[in-house]
Amino acid sequence: MTLHSVSLTQLSSLNNPVYFTRGLDLASDSVVEQSMALTAICQLMGKDTISAFLPTIIKKLSHPKEIIRKKAVDVLYQFLCEMPEQTHDDRYMKALCDPDAGVMISALPIYLKLCKEQPAKYRHMNKAFTDILIQIVEGRLHNSFNYHTFPAPWAQVYLLQIFQFLGSNDKLLSEEMSHVLHLVIARASGKMTTPQASDAAVAVLYQVCQTILSIYPNQDLILLVTRKIDEFLNSSSNKIYLGLQLLEKLCERQPSIGGAFIPQVYQYISHQCTMIQGAAIKVLRVGVSSPTLSDATRVLLELLSDPSCSKELEDLCCTTLAEIGRKHAPSPAWYVELLLKILGIRSSTPSSLTVTPSSLSSPSPILNTLINYCTTTVDSEVKALIQTAAQQNDDVNSQKSWLSIWALGRYDPDFERATVWVNKLESLSENQIKWLLDSLVVLVTRLGALPKPLFSLLEPYTNSPSPIIRQLAIELVNLSNLPNVTSLFNSQADMLSILIEQLSTTPDSGLENTTAHKQFLAKFRKRANFPTEKVEFHHDIQVVFLHTYR
């Protein structure tokens, strides 16, 4: 029964009789039965049954057999995970101070969870954790805890992770633990030459470096970390990956030191392992500065142009290029030109970048980034770049078609390109039609009513089954029927009042006696207090948007 209960879950219908059986097993004189019962409780325990077993589990912490005490600590850890609001600090301390090293090590996951959630509450225990780690590193535990002569690597990792939370933003505690961190690095580095123990040594070195980069900065320790990163980057693939992860954190915490590694990272962008490529890209995202921006963008654009580049790497590469360009671009035009290059590559690379019907259902994140940036940036060079790019991209099967549609409303001096796009309405996706109608609304406010040929082509969309398309078409028709629409949108005093009156009296607009209609008019009236702003209005049947544009 005990063995079968291990395979059950907390929600199993057989749990009630199993709980009763576990109570009998815990009261047994057999160490084996008690041990198996504790193992089963770890698997089956739920919030509603913790209180029933807790007193018995606490008693087991004083059991003469260390295996029972160890398993009781494991159960307490499961209790803590189920109900983190209930802690038993005196019981945890008893387990940590147990004379048996196995019981003491079992208590470390409990303290790791507690220190992660409430580091200030347990900072007074820093000295105790430091003493324990020193004893482990110096090999004072029984050799049964060793992994190929390496002393208790799992316990070392737990303690180093605890230090990671205790020493964060605490200069005094970080100084107290610096001695033991030096000791851990020295001993683990010495084991690197032992083939069987090298894996454990690498794991401990990686964690101690993570800890050093998380606590209050200590320049001597950071210098040791840079040396280990350099060793990892010049080793096998697994260590290269760990080195890149450490370098990413170093660039975040110490940009001036981590930035020195950036030229070395370029070689890993073309590595055969995609995990290493991804880790290298993440390093560039946080480590690139103005002096290294040009080389970094060149390397990333080359990767993006590679037909064998995976979809995950493409997305990571694009977001990284956009982020480092936004942070360090020498000018707005440079940044826009970079985003246009990315769009050009993604539209032309014959691999997973190839545009499919599903990818045309919405603009790409990079295109959204470009449009948002252009919307909030007033720069003549940016405007010229967007106009040139928009005129060269009238292909509906390209991601750049979204840019071309968006730009015609904001930048076009006439209805020439609008006519081209309206004639392609039947080949556009539903979202592209929405974008086109929205741009035409903006274009009409700039240039005046639509030419009659365009008006006749667009009027049928006022009966579209799509509520958004229908609303946009109605807005477009209403605007085209307004007298002197351009002077209306460029005037200051009467713009909104005239518009409110027109829209309030427009028959069959689809907005009468609806909450959306009331919200629409209320927002316009509120904005009437700001008559100097140009207004672009865009709403659907449920949500009303009102925003300014430049």
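All figures in this text were calculated on a predicted structure; none of them were measured in a lab. Side chains included, hydrogens not; waters and symmetry mates left out as well; all remaining heavy atoms used.
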Novice: Evaluate the criterion side-chain hydrogen bond (donor to acceptor under 3.5 Å, both in side chains) for residue pair R410 and T375; output intermediate values, then yes/no.
Specialist: CA-CA 9 Å; R410 279 76 180 172; T375 302; over 6 Å; no

Novice: Any ring pair (Phe, Tyr, Trp, His ring centres under 6.0 Å) involving residues 305-345? Give me the pairs, sequence neighbours left out, ordered by first then second residue.
Specialist: Y335-Y373

Novice: Looking at G258 and L247, what are the two nearest heavy atoms and their distance?
Specialist: O-CD1, 3.9 Å

Novice: Atom OH in Y77, atom CG in L114: separation rounded to 0.5 Å?
Specialist: 9.5 Å

Novice: I want to check something: taking the side chain as every heavy atom from C-beta on, are Y268 and V283 in contact at a cut-off of under 4.5 Å?
Specialist: no

Novice: Apply ring-ring contact (aromatic ring centres under 6.0 Å, His included) to Y111 and list each qualifying residue two or more places apart in sequence or on a separate chain.
Specialist: F129

Novice: Check L166 against P119 and note the closest heavy-atom contact, atom names and distance.
Specialist: CD2-O, 3.6 Å

Novice: Do R417 and S404 make a side-chain contact, defined as non-hydrogen atoms from C-beta onward lying under 4.5 Å apart?
Specialist: yes

Novice: Working note: W154 + L108, criterion side-chain contact (heavy atoms from CB on, under 4.5 Å); need CA distance, chi angles, decisive distance, verdict.
Specialist: CA-CA 10 Å; W154 299 276; L108 294 179; over 6 Å; no

Novice: Enter the distance from S235:OG to K228:NZ here, rounded to the nearest 0.5 Å.
Specialist: 10.0 Å

Novice: With a sphere of 6.0 Å drawn around CD of E85, does it hold more than 12 non-hydrogen atoms of other residues, nucleotides or ligands?
Specialist: yes

Novice: Using a cut-off of 6.0 Å, state whether more than 12 heavy atoms not belonging to Y122 lie near its atom OH.
Specialist: yes

Novice: Which pair of non-hydrogen atoms, one from L338 and one from G325, has the smallest distance, and what is that distance?
Specialist: CD2-CA, 4.1 Å

Novice: Given I222 and L250, is the side-chain contact (heavy atoms from CB on, under 4.5 Å) satisfied, shown in steps?
Specialist: CA-CA 9 Å; I222 289 176; L250 178 64; 4.1 Å; yes

Novice: Answer yes or no: are there more than 12 heavy-atom neighbours, outside K171 itself, under 6.0 Å from its atom NZ?
Specialist: no

Novice: Treating R253 as the side-chain partner and P217 as the backbone partner, does any N or O pair qualify as donor plus acceptor under 3.5 Å?
Specialist: no

Novice: Do I324 and L284 make a side-chain contact, defined as non-hydrogen atoms from C-beta onward lying under 4.5 Å apart?
Specialist: no

Novice: Taking side chain as C-beta onward, heavy atoms only, is L450 less than 4.5 Å from V422?
Specialist: no

Novice: Side chains of E312 and T274: do they bring a donor and an acceptor to under 3.5 Å?
Specialist: no

Novice: Please walk me through it: do N238 and V202 pass side-chain contact (heavy atoms from CB on, under 4.5 Å)?
Specialist: CA-CA 10 Å; N238 290 342; V202 169; over 6 Å; no

Novice: Is a side-chain N or O of T377 found less than 3.5 angstrom from the main chain of C374, in a donor-acceptor match?
Specialist: no

Novice: Which residue, I215, D220, L224, forms the side-chain contact (heavy atoms from CB on, under 4.5 Å) with L181?
Specialist: I215

Novice: Minimum heavy-atom separation for Y147 and P153, please, with both atom names.
Specialist: CB-CG, 3.8 Å

Novice: Please report the interatomic distance OG1(T462) to CG(L476), rounded to the nearest 0.5 Å.
Specialist: 10.5 Å

Novice: Between D438 and K434 (salt bridge meaning N to carboxylate O under 4.0 Å), is one present in this structure?
Specialist: no

Novice: Verify the distance criterion only: is there a donor paired with an acceptor across the side chains of Q210 and Q245 at less than 3.5 Å?
Specialist: no

Novice: Can you find a pair of side-chain heavy atoms, one from F261 and one from C251, that are under 4.5 Å apart?
Specialist: no

Novice: Provide the closest heavy-atom pair for S214 versus K249 in the form atom of the first, atom of the second, distance.
Specialist: OG-NZ, 2.6 Å

Novice: How about L173 and Y216: do any of their side-chain heavy atoms sit closer than 4.5 Å?
Specialist: no

Novice: Backbone N or O of N372 within a donor-acceptor pair of the T376 side chain at under 3.5 Å?
Specialist: yes

Novice: Evaluate side-chain contact (heavy atoms from CB on, under 4.5 Å) for L440 paired with W421, printing each intermediate quantity in order.
Specialist: CA-CA 10 Å; L440 290 175; W421 278 106; over 6 Å; no

Novice: Hey, are R227 and E231 close enough for a salt bridge, meaning a charged N less than 4.0 Å from a carboxylate O?
Specialist: no

Novice: What distance separates Y411 OH from R446 CZ, expressed to the nearest 0.5 Å?
Specialist: 9.5 Å

Novice: If you count the non-hydrogen atoms of other residues, nucleotides and ligands that lie under 6.0 Å from NZ in K282, is the total more than 12?
Specialist: no

Novice: If we ignore angles and hydrogens, is there a donor and acceptor under 3.5 Å between the side chains of R285 and T319?
Specialist: no

Novice: Go through the steps for S401 and Q432 under the test side-chain hydrogen bond (donor to acceptor under 3.5 Å, both in side chains), then give the verdict.
Specialist: CA-CA 9 Å; S401 63; Q432 285 176 317; 3.0 Å; yes

Novice: Could you give the distance from NZ (K239) to CG (L233), rounded to the nearest 0.5 Å?
Specialist: 12.0 Å

Novice: Would the distance check show the side chain of T292 and the main-chain N or O of V288 forming a donor-acceptor pair, the cut-off being under 3.5 Å?
Specialist: no

Novice: Name all residues meeting the side chain to side chain donor-acceptor pair (under 3.5 Å) criterion together with Q118; count only those two or more places apart in sequence or in a different chain, and write none if there are none.
Specialist: none

Novice: Hey, is the main chain of Q264 close enough, under 3.5 Å, to the side chain of Q267 for a donor-acceptor pair?
Specialist: yes

Novice: In Å and rounded to the nearest 0.5 Å, what is the CD1 to CG distance from I269 to L303?
Specialist: 6.5 Å

Novice: With a 4.5 Å limit on heavy-atom distance, are the side chains of D230 and N234 in contact?
Specialist: yes

Novice: Okay, side chain of S174, backbone of G167: is any donor-acceptor separation there less than 3.5 Å?
Specialist: yes

Novice: Is it true that D306 and S308 share a donor-acceptor pair across their side chains at a distance under 3.5 Å?
Specialist: yes

Novice: Just wondering, more than 12 heavy atoms not from N169 lying within 6.0 Å of its CG?
Specialist: no

Novice: Check for a donor-acceptor pair, side chain of T211 on one end and backbone N or O of L160 on the other, with a separation under 3.5 Å.
Specialist: yes

Novice: Please examine the side chains of L367 and L403, heavy atoms only from C-beta on, and report whether any two atoms are closer than 4.5 Å.
Specialist: yes

Novice: Measure across A473 and L437 and return the closest heavy-atom pair with its distance rounded to 0.1 Å.
Specialist: N-CD1, 4.3 Å

Novice: Considering residues, nucleotides and ligands other than E381, do more than 12 of their heavy atoms fall under 6.0 Å from its CD?
Specialist: no

Novice: Side chain of Q156, backbone of P151: donor and acceptor closer than 3.5 Å?
Specialist: yes

Novice: Any donor-acceptor pair under 3.5 Å linking the side chain of N423 with the backbone of T419?
Specialist: yes

Novice: Mark yes or no for whether T226, through its side chain, and L223, through its backbone, hold a donor-acceptor pair below 3.5 Å.
Specialist: yes

